[in-house]
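Accompanying notes for the structure given below.
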Amino acid sequence: MLFFYIVLPLFVAVGITLISSKIRRDLIGWVAFSVPVILFALFARHIPSIASSESIQTTFSWIPTYGIDLTFILDGLSLIFVLLITGVGALVILYSIFYLSPTDSFTHFYTYLLLFMTAMLGVVLSDSIIVLYVFWELTSISSFLLIAFWFHRKNSRNGAIKSLLITMTGGFAMLAGFLMLHVMTGSFSVRTILTELPQLTEHALFYPAMALVLLGAFTKSAQFPFHIWLPDAMEAPTPVSAYLHSATMVKAGIYLIARFTPGFGGDMYWFWVITAVGLVTLFWGSFNAVRQNDLKALLAFSTISQLGLIMTLLGIGSAAANVTGEAKALYTFALFTALFHLVNHSTFKGALFMVVGIVDHQVGTRDLRRLGGLMRFLPITFGLAIIGSFSMAGLPLFNGFLSKEMFLTAVLSVSELPIPGGAQLGWFIVLVAWAASLFTFVYSMILVFRTFTGRPIIDEEYKIPQEASVGMLIPPSILATLVIGLFFFPTILSDYLLKPAIDVLVDGGSALAPDIYAWHGFNTELYLTVAIIALGSLAYFLLKKWRPYYQYIPSEWSFNNLFRKTLSGYERLGERVTTRYMNGNLPSYFLYIFSFFIIAVGVTWFVVDPIAVTFDSPSSITVYEGLLAVVMAAAAVAILFAQSRLTAILLNGVLGFSIAIFFVFFRAPDLALTQLVIEAVTTVLFLVCFNYLPEWKVEKLSVTKKVRNGLIAILGGLTVTIVGLAVNNYSKFESISSYYEGSYELAGGRNIVNAILGDFRAFDTMLEGLVLFIAGIGVFTLIRMRQKKGAEPRENQ
């Protein structure tokens, strides 16, 4: 049933699109809401069996020739993610029903959201690396559509394009890494690959594959320096931000790192790269969150920081795969904390995004410079903001406090671990983590007190705010309840979800998993927390004194500026290159094509063994074939001296029909019929189209250009002739023609040509048809969207 679970949102999304015009618009959201609710219940019923170290597997044959199957596995690790995807997804859709205005396109929104849900479920449940990659890129496409939902806004379009470029670039790199893993292990199964990887550390592709997989994970999870797409993605509707950027899409990279930790985790490069990148991301995100004036931008950088925290813990815990004893317990502790904070972050950050959405929806702005004193008008929202922000700051009575304390324990233990450089770098890691936690406390206080306390700032352009509707308050209230509930009852989460997930990452991990409790006595972690609260409070009260120093950081040094300059540089380079060869002169285009062809084939001859051309056993040539060849040669030469287009078209037709006759001579009637049809249609089309062109004028070229063109024409013809003659005696590679002779047994087709087009190269044929389909949709859309005569153009906002 796992396959059904994955495709259910997709089927409902298609159904919503088909019946949207026949049902009330306000019912579409409730139909979409039922999908994650049902899926959450279906997945939740497997919690007892998964907690007993069982797993559920579904397999369908997809491409058996290459050993690619649709295999989906539900285990302890994937169970955490599917519950987050469906649980938070249900709350986000419920929130969206009351958040979206009647003028928004409900159909498109819920279709994109359900499509994204299918993609995320496929990512975390797929056992095939190829299937995982397909769903991985589907998350990028669906998130692009969601981020650009308000496409009439320029910032929305730019944010969507940036996220697509960065995440899909990382996705392509990850695909290359996956293919290397297949070459190394001979399997597409994630489980098989993870089993064999620890024995392949000396393989030449081990480290390149590791680097490419990490690149895919870092770009998707907005790790430094690829984090720049996440703040711009906040142009999406707030429900999208609450879903994609707190609980699901950005967690895909976290999932990938966790899933491949048993295979790569024993290598120190994996350990240090993930730990270092996570630590830098943790600090940089929290450092930049303090300077933000937009509430969603503040939450975006806080998300970057929290993702860096989880990534740091995964890096520290990754070495648990190949150690024993006390060190194994310390590494496992870090992995356990990473999963615990992953769940906690989804709860408090999802609630905070919804709180910010309520403020924006009820007040009309997210700008901190225009906010203040909202606790008088939005008391329930204020309470939810306190719960979410205090949990994010790591204060007691909230689940964030538990995982933050465990995080400090994990980084403190680095200096005690038996790793190269651990003793020297351990306290540096602690210092950076503590500084990042200090900034986290400050921006958490900014979020609450700058927004909800102080003197109310009510501009005339904004209405006096009122508390949100019950429908908008229920989802963040449920998440806030979980924030508090997990503080008092963390054992339930640990026993049923976290420990089974640890068993997937570490052999016997559940036995090494720590017990979660709030009081650890007077220890270093407690002193660090007290220092964070004390200095953080002081820093918040003195915020106006030191925050202005942010303006001295040169904006041209930012990665956003580097990204913009890189894109603009590519655009200018592309424009210069294009204008040099796209001159509108068709002979010039043929000149480039044939020159490249001649050079490519010539270089190939010199790189590989020379192609032998012999005339030892030429095929017999009949009189009719010889006469037909003479006729074709005469027609081709005559085109050069044609004085009108009509003459050139007729001579060109002679060439085409002569080729059809050659197919008859060679006993290929199907090709002859195809050639006759194509030649007849193209000749008629040429006659019709050329009738509207101006009179044919013979182009006057200099002697130099005539010699150049003639030389290239002769070399092109000579190259093709040599290749044709060399094929008869070429033996460097075995001919593939014998393989296609079994087309009936392999593909069920007696016609080899049709079998090649429809089965052997089915993907190529399918993609060709897809390109035509997309082009047709584009033309149709442009025609439908053509502005009426006299209508004013729509300006960008």
Side-chain angles (χ1 to χ4, degrees), residues 7 10 13-14 17-18 62-63 65-66 68 70 108 111-112 115-116 118-119 122 130-148 151 157 160-176 178-179 567 570-571 573-575 577-579 581-582 584 586 588-590 592-594 596-597 600 656 670-671 674-675 677-686 688-689 736 740 743 747 749 751-786:
V7 299
L10 179 62
V14 174
T17 303
L18 295 177
W62 184 25
I63 311 177
T65 305
Y66 295 101
I68 302 176
L70 293 173
H108 291 171
T111 298
Y112 299 156
L115 176 63
F116 178 82
T118 285
I130 299 299
V131 179
L132 190 156
Y133 170 75
V134 171
F135 283 112
W136 183 277
E137 295 296 36
L138 188 58
T139 63
S140 296
I141 295 172
S142 52
S143 66
F144 168 82
L145 296 172
L146 286 167
I147 296 170
F151 57 87
R157 299 195 300 272
I161 292 173
K162 178 184 285 188
S163 67
L164 186 69
L165 287 176
I166 293 176
T167 58
M168 293 200 76
T169 300
F172 283 130
M174 186 187 74
L175 175 61
F178 282 172
L179 295 178
L567 279 187
Y570 276 124
E571 290 176 357
L573 177 62
E575 184 179 0
V577 172
T578 302
T579 52
Y581 73 86
M582 293 295 290
L586 189 60
S588 297
Y589 301 156
F590 284 116
Y592 304 143
I593 294 172
F594 287 123
F596 176 80
F597 171 72
D670 53 345
L671 295 179
T674 304
Q675 178 67 21
V677 172
I678 292 176
E679 193 60 38
V681 172
T682 53
T683 301
V684 172
L685 288 176
F686 283 155
V688 173
C689 295
I736 63 173
Y740 292 114
S743 62
N751 187 307
I752 295 179
V753 176
N754 292 345
I756 292 174
L757 294 175
D759 194 283
F760 292 109
R761 48 163 284 187
F763 273 117
D764 189 20
T765 305
M766 181 189 70
L767 292 175
E768 290 174 355
L770 182 62
V771 169
L772 292 175
F773 176 78
I774 293 174
I777 290 293
V779 173
F780 176 77
T781 304
L782 291 174
I783 294 174
R784 291 292 300 270
M785 295 181 63
R786 185 175 57 184

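Because the structure is a prediction, the values reported are computed rather than measured.
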Do the non-hydrogen side-chain atoms of Glu137 and Met174 ever get within less than 4.5 Å of each other? no
Just distance, no hydrogens or angles: give the donor-acceptor pairs under 3.5 Å from side chains in residues 770-778, sequence neighbours left out.
none

Rounding to 0.5 Å, atoms OH (Tyr740) and CG (Asp759) come to a distance of 10.0 Å
Would the distance check show the side chain of Thr111 and the main-chain N or O of Thr17 forming a donor-acceptor pair, the cut-off being under 3.5 Å? no
Rounded to the nearest 0.5 Å, what separation is found between the CE atom of Met168 and the CG atom of Leu175? 10.5 Å
Parallel, tilted or perpendicular: ring planes of Phe172 versus Tyr133, cut at 30 and 60 degrees: tilted
Distance check, rounded to the nearest 0.5 Å: Leu145 atom CG versus Leu164 atom CG? 9.0 Å
Closest heavy-atom pair and its distance - Phe144, Ala160: CD1-O, 3.2 Å
Enter the distance from Phe597:CZ to Ile593:CD1 here, rounded to the nearest 0.5 Å. 11.5 Å
Side chain to side chain contact (heavy atoms under 4.5 Å, CB included) involving Tyr589 - partner list, sequence neighbours excluded: Met582, Asn583, Leu586, Tyr592
Pairs in or reaching into residues 160-175: which pass side chain to side chain donor-acceptor pair (under 3.5 Å), with residues at least two apart or in two chains? Ser140-Thr167, Lys162-Asp232, Lys162-Asn560
For the residue pair Ala755 and Ser743, what are the closest heavy atoms and their distance? CB-CB, 3.9 Å
At what distance, to the nearest 0.5 angstrom, does CG of Leu146 lie from OG1 of Thr139? 11.0 Å
Does Leu567 reach the side chain of Leu165, with side-chain heavy atoms less than 4.5 Å apart? yes
How long is the span from the CZ atom in Phe116 to the CG atom in Leu138, to the nearest 0.5 Å? 9.5 Å
Do Tyr66 and Ile130 make a side-chain contact, defined as non-hydrogen atoms from C-beta onward lying under 4.5 Å apart? no
Write down the atom of Leu132, the atom of Phe178, and the distance for their closest heavy-atom approach. CD2-CE1, 3.9 Å
